[in-house]
S.K.: 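Dropping a structure here in structure tokens format, bear with me for questions.
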Number of protein chains: 2
Amino acid sequence: MHAVVLRYIDQVARFGSIRRAAETLNIASSAVNRQILKLEAAIGTPLFERVGNGVRPTPAGEYVIRHARDTLADWQRTRTNISALSGNIHGEVRVGTIPSAMISILPKALDSLAQAHPNLKFRVLDMAPSDHAEEMRAGRPDVAVLFIDRRYRDYEIVAQLGAKVGVIMRPDHPLAKRSQLTLTECSSYPVTMLDDPWLLFESTLQNEFIRSGAELNTVLRTNSMTLMKQAISSGMGLGFFTPVGFLDEIRTGQLVHVPLTEHDLAATDIGLFVHRGRARSPSVQLLVRALSDEFVRAASDLRNAPTKA
Amino acid sequence: MHAVVLRYIDQVARFGSIRRAAETLNIASSAVNRQILKLEAAIGTPLFERVGNGVRPTPAGEYVIRHARDTLADWQRTRTNISALSGNIHGEVRVGTIPSAMISILPKALDSLAQAHPNLKFRVLDMAPSDHAEEMRAGRPDVAVLFIDRRYRDYEIVAQLGAKVGVIMRPDHPLAKRSQLTLTECSSYPVTMLDDPWLLFESTLQNEFIRSGAELNTVLRTNSMTLMKQAISSGMGLGFFTPVGFLDEIRTGQLVHVPLTEHDLAATDIGLFVHRGRARSPSVQLLVRALSDEFVRAASDLRNAPTKA
DNA sequence: ATGCCCGATGCCAAAATGGCATCACCTGGA
DNA sequence: TCCAGGTGATGCCATTTTGGCATCGGGCAT
């Protein structure tokens, strides 16, 4: 369908080297080189700046590279859509999400889909929020579960969940009966912290949390969510999370969630984002529907087993 | 840059005939035919259904055709953006608009741009509102001035203007001193009507207006806005419009605008729509900025010379 | 200074594309 | 009913495009 030069410039840009791009493309470097030279001649502007040890895109090149990648990605989606016409839902859905959603909401949704559609693939992006923001701005994820940010204009929020950040603890903890808490009230008790606390909050919220966090008695610091859960369950300390990651434990009374009063933290909601242009793709629709269901279930869980009576 | 087959299938779909497409492409029909056959073989699905007197796209074909057109259009925009890097703002901006905006807002904005950027081209689409909706849904216009409709999710509303539909008349008309009017109050006086009244209103509003309009004493019915203006100015009858098309006349006191009380009609606002994905294109930005300025100016005009004291 | 890796280029083979003539088929009108 | 004029498909050939290989000249790091 598409001219080879699209793949060529994509790879060349990725490696910053014509020869290495040619290598991964299983093709002679001269062929790749010539395609680029021809394209530059056709456009009338250099697309890559020749530096000693390779090439680097010019501003014009950036445009062309983006166009090439957009085109190839759109072609991939087109193929997927065509294949879906004959009932074969396959292809890959890219999902960006916060860790909380990876614990319960996302796995349940994926599980319910995986059974019915064995050919459906998912790519879940677990990364730093700054990269999330970058991905969202670039429009790469098809679906995302993130703290609500209206600046992602290419995405529509199709569901949301009031998920105040709060304190997770055992029901027999001294603070478990409170209806709300401040960070300073927690400072007299041992707490556990995700080793990458910025994973949980938007950049504006990080600062306050980290600032207050510095005064906290952090008895455990880990990047393992599993260990974290075990530690909190065994009474090792408090945890700071939205209730979303602990729906099951809260419902069964195993753990308790008490919201924090700090306004900036409490104001955060989790949203289900769908890329506007791809919302009609069958595979995306399936996932969105499954996630919506989980959002509804989570909301009802939070209502029935409120953060504290 | 792009494989010829993109242009081929575009034209074939446009004409519903391989031979005629080949003709307009100045190429042998066999070449076009073969490209399509090859593509179908590569995808594994027929893209066109062969009917006796030509071809018709299959559902899979519709997807591919749309992809091809999107790709070519995006490539065009990419070329434009690259050219803009060297300070040469050119290219074509597609604008969809209601007639009212064509009278004052749009011409002024275009005029101010045409002087500074002689290479900038505009394509203004004047058509039935159903086609407008279709165009907007297909995401073809880059910029649009339309009655606000939140369903156009690919577009962002960057400016709006409270523009209640009302009655336009000479200041010495018996109704000119009123602060508001109903359609029935107008029925005792001669009125003028645009021959295509649906051009002015969203489909949901059309019905009421036309229904009431049937009882009006329509002394003049024309599709010429110029004649319309002359007729109202010479006292031939009332006109039903937003004030937007009559800003100059209202400001100078030549004409008067009295809003209608009918709720559905009065609730309409005019919005400046920009396609989300193309808002950053220099040419689009220029036009949006110029139109925004005109929106502001129009809003101030409406405030200073209110529809009636 | 000397390898080493880079992109550019000349030469040739291979592949893709296009043009022409022709075939088989469908459709609409005598 | 049949014929005329249209359609897409296909075989054959010329042209164009693309790719592979060897090689050149030039930066860059050791």
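A note on names: the letters A, B, ... follow the listed sequences, proteins ahead of strands, and every chain is numbered from 1.
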S.K.: Using a cut-off of less than 4.0 Å, is there contact between a side-chain N or O of B/Lys38 and OP1 or OP2 of C/dT17?
M.R.: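 Checking C/dT17 against B/Lys38, a side-chain N or O does come within under 4.0 Å of OP1 or OP2.
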S.K.: Report yes if at least one side-chain N or O of A/Arg50 is closer than 4.0 Å to OP1 or OP2 of C/dA8; otherwise report no.
M.R.: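 For C/dA8, OP1/OP2 do have a side-chain N/O of A/Arg50 under 4.0 Å.
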S.K.: Could you label the plane-to-plane angle of the B/Trp75 and A/His67 rings as parallel, tilted or perpendicular, counting under 30° as parallel and over 60° as perpendicular?
M.R.: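 Because their plane-to-plane angle lies in the 30° to 60° range, the rings of B/Trp75 and A/His67 count as tilted.
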S.K.: Report yes if a side-chain nitrogen or oxygen of B/Tyr8 is closer than 4.0 Å to either non-bridging phosphate oxygen (OP1 or OP2) of C/dT17; otherwise report no.
M.R.: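 For B/Tyr8, the contact criterion (side-chain N or O under 4.0 Å from OP1 or OP2 of C/dT17) is not met.
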S.K.: Are more than 12 heavy atoms from other residues, nucleotides or ligands located less than 6.0 Å from atom CD of B/Glu49?
M.R.: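 Result for CD/B/Glu49: enclosed.
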S.K.: Nearest nucleotide by nearest heavy atom, which residue falls closer to the 5' end of DNA chain D, A/Asn26 or B/Ser29?
M.R.: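 Its nearest nucleotide being more 5', the pick is B/Ser29.
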S.K.: The side chain of A/Arg34 lies closest to which of these nucleotides: C/dC20, C/dT9, C/dG7?
M.R.: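 Looking only at side-chain atoms, A/Arg34 lies closest to C/dT9.
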S.K.: Rounded to whole angstroms, how far apart are CZ on A/Arg20 and C1' on C/dC4?
M.R.: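 Rounding to the nearest Å, CZ of A/Arg20 and C1' of C/dC4 are 14 Å apart.
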S.K.: Tell me: CZ of A/Phe15 to P of C/dG7, nearest whole Å?
M.R.: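 Those two atoms, CZ and P, are 12 Å apart.
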S.K.: Hey, is the side chain of B/Ser30 pairing donor to acceptor with the base of C/dG18 inside 3.5 Å?
M.R.: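 Answer is no: no donor-acceptor pair is held.
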S.K.: Distance-only, no hydrogens or angles: does the B/Arg276 side chain make a donor-acceptor pair with backbone N or O of B/Arg153 under 3.5 Å?
M.R.: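 Answer holds: yes.
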S.K.: So, is A/Gln35 near the phosphate of D/dG19, with a side-chain N or O under 4.0 Å from OP1 or OP2?
M.R.: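 Answer is yes, contact under 4.0 Å.
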S.K.: Where the side chain of A/Ile18 is concerned, which of D/dG20, C/dG18, C/dG7 is the nearest nucleotide?
M.R.: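 From the listed options, C/dG7 comes nearest.
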S.K.: With a 3.5 Å distance limit and no angle check, can you tell me whether B/Thr97 reaches the backbone of B/Ala144 through a side-chain donor-acceptor pair?
M.R.: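 No; judged by distance alone, with no hydrogens or angles, the pair does not exist.
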S.K.: C/dC5 P sits how many Å from A/Asn33 CG, rounded?
M.R.: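 About 18 Å, once rounded to whole Å.
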S.K.: Kindly say whether B/Lys121 contributes a backbone atom to a donor-acceptor pair with the side chain of B/Arg123 at under 3.5 angstrom?
M.R.: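 Looks like no, no N/O pair under 3.5 Å.
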S.K.: Summarise protein proximity over nucleotides 23-30 of chain C in one line of letters, 5' to 3': B for base, S for sugar-phosphate only, - for none, counting protein heavy atoms closer than 4.0 Å.
M.R.: ---SS---
S.K.: Round to a whole Å and report the spacing from CG of A/Leu39 to P of D/dT17.
M.R.: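 Going from CG in A/Leu39 over to P in D/dT17 covers 15 Å.
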S.K.: Taking CD from A/Glu40 and P from C/dG7, how many angstroms apart are they, rounded to a whole number?
M.R.: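 Atom CD in A/Glu40 sits about 12 Å away from atom P in C/dG7.
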S.K.: Ignoring hydrogens and angles, tell me if any N or O in the side chain of A/Arg278 forms a donor-acceptor pair with the backbone of A/Val143 under 3.5 Å.
M.R.: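 No.
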S.K.: Got a sec: does the CZ of B/Arg69 have more than 12 other heavy atoms crowding it under 6.0 Å?
M.R.: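 For B/Arg69, atom CZ is crowded (more than 12 foreign heavy atoms under 6.0 Å).
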S.K.: Whole angstrom is fine here: how far is it from CZ in B/Arg7 over to P in C/dT17?
M.R.: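 It works out to 13 Å between those atoms.
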S.K.: Specify the separation, in whole Å, of atom CD1 of B/Ile36 and atom P of D/dG8.
M.R.: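 Computing the B/Ile36:CD1 to D/dG8:P distance gives 8 Å.
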S.K.: OP1 or OP2 of D/dT7 sitting under 4.0 Å from any side-chain N/O of B/Ser17?
M.R.: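 Answer yes for this pair, as a side-chain N or O of B/Ser17 is under 4.0 Å from OP1 or OP2.
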S.K.: Round to the nearest Å and state the distance from A/Arg56 atom CZ to D/dC28 atom P.
M.R.: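 The distance from CZ of A/Arg56 to P of D/dC28 comes to 11 Å, rounded to the nearest Å.
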S.K.: Distance-only, no hydrogens or angles: does the B/Asn119 side chain make a donor-acceptor pair with backbone N or O of B/Ile89 under 3.5 Å?
M.R.: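 A pair under 3.5 Å: no.
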S.K.: Go nucleotide by nucleotide along DNA chain D from the 5' end; which of B/Val12 and A/Ala31 gets its closest nucleotide reached first?
M.R.: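 Nearest-nucleotide comparison on DNA chain D picks B/Val12.
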